[in-house]
Chemist: 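Quick one: structure below, then a few questions.
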Amino acid sequence: MSELDNLQNADGTEEQKETVQPTTEDNSNNDDDKVLNEIEDSNAEDAEDEGNKDRHNIEEKDYESLNMEQLVIELERLVKNEKVQAINKHVNALKQEFDKQFNDLLEEKKEEFLSNGGVEMDFRYNSPLQRSFRDTYKDYKQRLTAHYKNLEKNLKQNLNNRLEIIEQIKALTEDAEDLMSSKYKTFKDLQDQWRNAGPIPRDKYNNAWNSYHFNVERFYDLLHLDRDLRDKDFEHNLEQKTKIIEQAEALAKDDNINRAFRELQNLHKIWKEELGPVAREHREPIWERFKEATKKINENRQEYFKSLDKLYEQNLVNKQAIIDKIAQISSENINTHKGWQNKIKEVEALREEFFKAGKVPIKVNEATWAKFKEAVRTFNRKKNQFYKDLKKEQYVNLEKKLELVKIAEENKDNEDFEVTTPLMKKIQADWKKIGHVPRKDSDKIWKQFKTACNHYFDRIKDQRNAASAEEEQAFKEKEALLAKVKELKLTGDQKEDLTTIKKQINNWKNIGRVPRNKKHIEGDFNNVLDGLFKNLDLNKSEAEMIKFENKLQDLSSTDNQKVIDNERFYIQKKVDEIKGEINQLENNLQFFTNVKSDNPLVKEVHKNIKKHKEELDIWQTKLKKIKSLY
């Protein structure tokens with residue numbers, strides 16, 4: 001048994017047992033005693049270290065609603081601005097929540113790493129947030145250790161001093177024959193020493209104070225010879241304790257339950273540590289009155305906790321709904337990158353909503369967190385599997401695009417523009433049809449492909465720019481030649497004049513192409529030729545073919561295959577139209593079976609058929625000529 005235990009139980013008389021009753025150390029199991037013990041324990045903790053009481057004034061936030069970055073910021077704020085011994089509860093809660101969230105993130109990253117083909121023993125994950133939290137927490141532990149190391153020496157010495165004071169007060173009561181009034185001054189000095197003796201270990205707090213109060217009350221009970229001194233102290237203590245009771249009764253009406261309970265703790269501390277006993281007849285009544293006020297505040301506190309329980313139950317419902325939503329998203333069939341990105345944002349928003357949903361009943365806290373983690377983990381597994389499969393597809397796409405890069409680079413300097421240009425256009429179209437490639441390769445291969453294609457088409461552009469200058473010069477020369485042909489005077493000799501016209505046509509061909517926006521000059525030249533051929537009385541077929549030869553020469557010199565295709569399509573269409581008209585006319589002759597051949601209508605139909613057949617010969621000859629270009 002310790003020295004304190006000896007002090008507390010030094011006298012087993014009935015009178016001594018009665019004097020203990022007004023203190024708060026009743027060990028019964030009723031609810032009143034539980035709250036009194038809670039107050040005693042809290043005050044003992046504060047008494048051990050004066051700065052520790054500041055913990056009551058530090059806001060205890062809902063750390064579950066904070067993300068990891070916010071948890072780091074809150075820890076840094078506490079360690080920087082508050083007394084290190086006052087934030088132990090807050091720091092532990094912060095660490096528990098940070099570890100929970102970080103471990104969850106670590107599991108996600110590990111699953112993602114493994115789904116991408118990684119080996120578990122090679123997995124590493126470093127987080128700047130974790131380093132910041134760990135460094136701040138380490139600083140807190142070092143400062144806390146240093147603080148308690150310095151405090152420990154003082155606590156032991158203060159305890160010894162208080163034990164000595166108790167022994168001296170006890171000694172004053174041992175010889176009741178001596179005049180107690182003569183010992184009163186010594187007693188008051190010992191009380192002053194007690195008040196200034198400093199903090200002691202919390203586990204010794206209650207025994208030390210109980211022993212002190214026991215011996216103080218015993219001294220007053222034996223102070224018979226100078227009742228005036230005793231009664232004056234009793235009266236003062238009664239007055240102060242009554243004020244404390246009135247404050248406690250007022251606190252029972254305070255709407256701020258937590259503040260009321262903290263103030264109640266302080267009132268109990270003053271009652272026990274700063275005020276002495278009252279007259280024996282008042283001790284039990286005023287203590288019972290104080291206990292009743294304490295009971296009322298505690299009842300209010302319990303009602304507050306019940307309301308919190310209801311809130312926590314609603315929070316549980318809300319969190320379960322969030323878990324169900326995440327599970328529903330996980331069950332959806334998502335097959336596109338865009339779709340997954342949208343769902344990732346939805347789940348992230350639900351995660352934030354879960355953290356902000358508030359506390360749930362402690363009995364289901366771990367189970368709720370486990371359900372939440374499993375729902376998120378299931379979603380992440382499906383997401384990781386999709387991107388794992390997508391990555392395989394991207395590597396296939398990479399091979400396809402690398403093949404196109406190879407083709408582009410092999411042909412970028414090819415001089416056969418007629419063959420190479422369609423090829424280069426085709427591989428550009430093929431590139432667009434191929435899906436995504438791994439991000440690390442995307443920019444690199446696109447730059448290679450684009451550089452090769454740009455190199456080729458820049459060469460074509462340079463060639464076209466050079467051709468444009470030549471075409472402008474050709475236009476000027478054709479303008480001059482057109483003016484000369486317009487002034488051409490025929491001799492009247494058909495053969496000689498035809499030779500002259502063909503010579504001008506050859507001159508026109510040899511000049512070359514003109515700019516596309518000045519092609520009208522070709523039509524102008526053909527119109528002049530029509531006039532010359534008319535004056536020659538040249539048959540229509542021969543004149544048409546001479547002009548077509550000139551046009552065909554111009555078409556064959558272009559690098560635009562589409563222009564030639566369009567001309568061929570037009571000629572074929574004319575052939576088909578004329579054939580149709582001839583068939584229609586020949587069918588019409590069936591209606592004239594009994595009509596003489598010299599009938600004007602019959603003669604007109606035959607004339608039209610002949611005319612169309614002559615045109616058909618011309619167009620079929622043109623079609624044959626243009627087909628020779630392919």
Side-chain angles (χ1 to χ4, degrees), residues 24-46 52-66 71 74 86-97 100 244-269 271 287-325 352-372:
T24 63
E25 283 67 51
D26 188 346
N27 290 321
S28 66
N29 292 323
N30 60 50
D31 292 339
D32 293 347
D33 291 334
K34 286 181 181 179
V35 69
L36 290 174
N37 289 336
E38 181 181 350
I39 292 173
E40 288 288 357
D41 291 342
S42 179
N43 285 337
E45 187 177 350
D46 292 344
N52 191 64
K53 68 177 181 295
D54 291 342
R55 75 188 192 280
H56 301 301
N57 301 319
I58 300 173
E59 179 186 4
E60 188 173 344
K61 299 181 179 180
D62 181 7
Y63 298 126
E64 289 186 7
S65 68
L66 305 182
L71 292 170
E74 178 65 12
I87 59 176
N88 182 59
K89 181 179 179 181
H90 304 75
V91 170
N92 288 339
L94 279 165
K95 186 175 186 303
Q96 181 180 7
E97 184 60 31
K100 182 172 72 174
I244 286 177
I245 292 170
E246 290 170 350
Q247 291 180 55
E249 291 169 342
L251 286 175
K253 301 174 183 179
D254 194 332
D255 292 334
N256 191 322
I257 303 301
N258 289 328
R259 179 178 62 197
F261 192 74
R262 288 198 300 270
E263 288 297 324
L264 178 65
Q265 287 180 231
N266 190 49
L267 292 178
H268 274 269
K269 182 178 181 181
W271 182 289
W287 174 244
E288 289 300 323
R289 184 180 170 189
F290 191 30
K291 281 179 63 177
E292 185 61 29
T294 298
K295 178 182 178 182
K296 179 60 178 174
I297 293 173
N298 186 54
E299 287 174 351
N300 294 343
R301 186 165 172 249
Q302 295 306 315
E303 287 298 319
Y304 170 71
F305 286 147
K306 288 180 181 179
S307 69
L308 281 184
D309 288 340
K310 292 180 181 178
L311 176 62
Y312 293 165
E313 288 291 345
Q314 184 58 50
N315 293 343
L316 176 62
V317 172
N318 296 341
K319 284 192 170 183
Q320 185 58 54
I322 293 170
I323 293 170
D324 292 342
K325 287 180 182 178
E352 289 297 319
E353 189 178 341
F354 182 89
F355 290 134
K356 293 177 181 178
K359 296 181 179 180
V360 300
I362 192 168
K363 62 183 179 181
V364 295
N365 185 49
E366 289 300 322
T368 304
W369 175 248
K371 288 181 181 178
F372 171 70

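The figures that follow rest on heavy atoms only: side chains count, while hydrogens, waters and symmetry mates do not. Since the structure is predicted, the reported quantities are computational estimates derived from the model, not experimental observations.
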Chemist: Output all residues satisfying side-chain hydrogen bond (donor to acceptor under 3.5 Å, both in side chains) with Lys359, sequence neighbours left out; order by chain, then residue number.
Modeler: none

Chemist: My understanding is that only residues two or more places apart in sequence, or in another chain, count here; which of them pass side-chain hydrogen bond (donor to acceptor under 3.5 Å, both in side chains) with Lys100?
Modeler: Glu97

Chemist: Kindly write out the residues that satisfy salt bridge (charged side-chain N to carboxylate O under 4.0 Å, His left out) with Lys95, not counting sequence neighbours, or none if the list is empty.
Modeler: Asp99

Chemist: Find the distance between CD (Glu352) and CD1 (Ile322) and round it off to the nearest 0.5 Å.
Modeler: 10.5 Å

Chemist: Could you please spell out the steps behind the side-chain contact (heavy atoms from CB on, under 4.5 Å) verdict for Arg289 and Glu249?
Modeler: CA-CA 9 Å; Arg289 184 180 170 189; Glu249 291 169 342; 2.9 Å; yes

Chemist: Rounded to the nearest 0.5 Å, what separates atom NZ in Lys306 from atom OH in Tyr312?
Modeler: 15.5 Å

Chemist: If you measure from CD on Gln302 to CD1 on Ile257, what distance do you get to the nearest 0.5 Å?
Modeler: 10.5 Å

Chemist: Salt bridge (charged side-chain N to carboxylate O under 4.0 Å, His left out) with Arg259: which residues, sequence neighbours excluded?
Modeler: Asp254

Chemist: Atom OG1 of Thr294 and atom CD of Glu38: how far apart are they, to the nearest 0.5 Å?
Modeler: 11.5 Å

Chemist: Should we say atom CG of Asn92 is surrounded by more than 12 heavy atoms from elsewhere, each under 6.0 Å from it?
Modeler: yes

Chemist: Taking all non-hydrogen atoms of both residues into account, name the closest pair between Tyr63 and Ala93 and its distance.
Modeler: CD1-CB, 3.6 Å

Chemist: If you measure from CG on Leu264 to CD1 on Ile297, what distance do you get to the nearest 0.5 Å?
Modeler: 4.5 Å

Chemist: Which donor-acceptor pairs under 3.5 Å do side chains of residues 362-371 form with protein atoms, sequence neighbours excluded?
Modeler:
unit_1	atom_1	unit_2	atom_2	d
Thr368	OG1	Val364	O	2.7

Chemist: Taking only residues two or more places apart in sequence, or in another chain, which ones meet Ile244 in a side-chain contact (heavy atoms from CB on, under 4.5 Å)?
Modeler: Leu267, Ile270, Trp271, Leu275, Phe290

Chemist: Hey, could you give me each pair passing salt bridge (Lys or Arg N to Asp or Glu O under 4.0 Å) that has a residue in residues 310-325? Not counting sequence neighbours.
Modeler: Glu64-Lys319

Chemist: Who are the side-chain hydrogen bond (donor to acceptor under 3.5 Å, both in side chains) partners of Glu353, not counting sequence neighbours?
Modeler: none

Chemist: Between CG of Asp309 and OH of Tyr304, what distance do you get to the nearest 0.5 Å?
Modeler: 11.0 Å

Chemist: Lys89: what forms a salt bridge (charged side-chain N to carboxylate O under 4.0 Å, His left out) with it, not counting sequence neighbours?
Modeler: Glu60

Chemist: Which is it for Arg262 and Asn258 under the side-chain contact (heavy atoms from CB on, under 4.5 Å) test, yes or no, and what are the steps along the way?
Modeler: CA-CA 6 Å; Arg262 288 198 300 270; Asn258 289 328; 3.8 Å; yes

Chemist: Step through the shown structure and confirm whether more than 12 heavy atoms of other residues, nucleotides or ligands are within 6.0 Å of CD on Glu288.
Modeler: yes

Chemist: Under the side-chain hydrogen bond (donor to acceptor under 3.5 Å, both in side chains) test, which residues partner Gln314, sequence neighbours left out?
Modeler: Asn318

Chemist: If the condition is salt bridge (charged side-chain N to carboxylate O under 4.0 Å, His left out), which residues does Glu299 pass it with, not counting sequence neighbours?
Modeler: none

Chemist: Taking all heavy atoms of Ile58 and all of Ala86, pick out the closest pair and write down the distance.
Modeler: CD1-O, 3.8 Å

Chemist: Which residues satisfy the ring-ring contact (aromatic ring centres under 6.0 Å, His included) test with Phe355, sequence neighbours excluded?
Modeler: Phe372

Chemist: Keeping the roles fixed (side chain from Asn300, backbone from Lys253), state whether a donor-acceptor pair exists under 3.5 Å.
Modeler: no

Chemist: Please report the closest heavy-atom contact between His90 and Glu59, naming both atoms and the distance.
Modeler: CD2-O, 3.6 Å

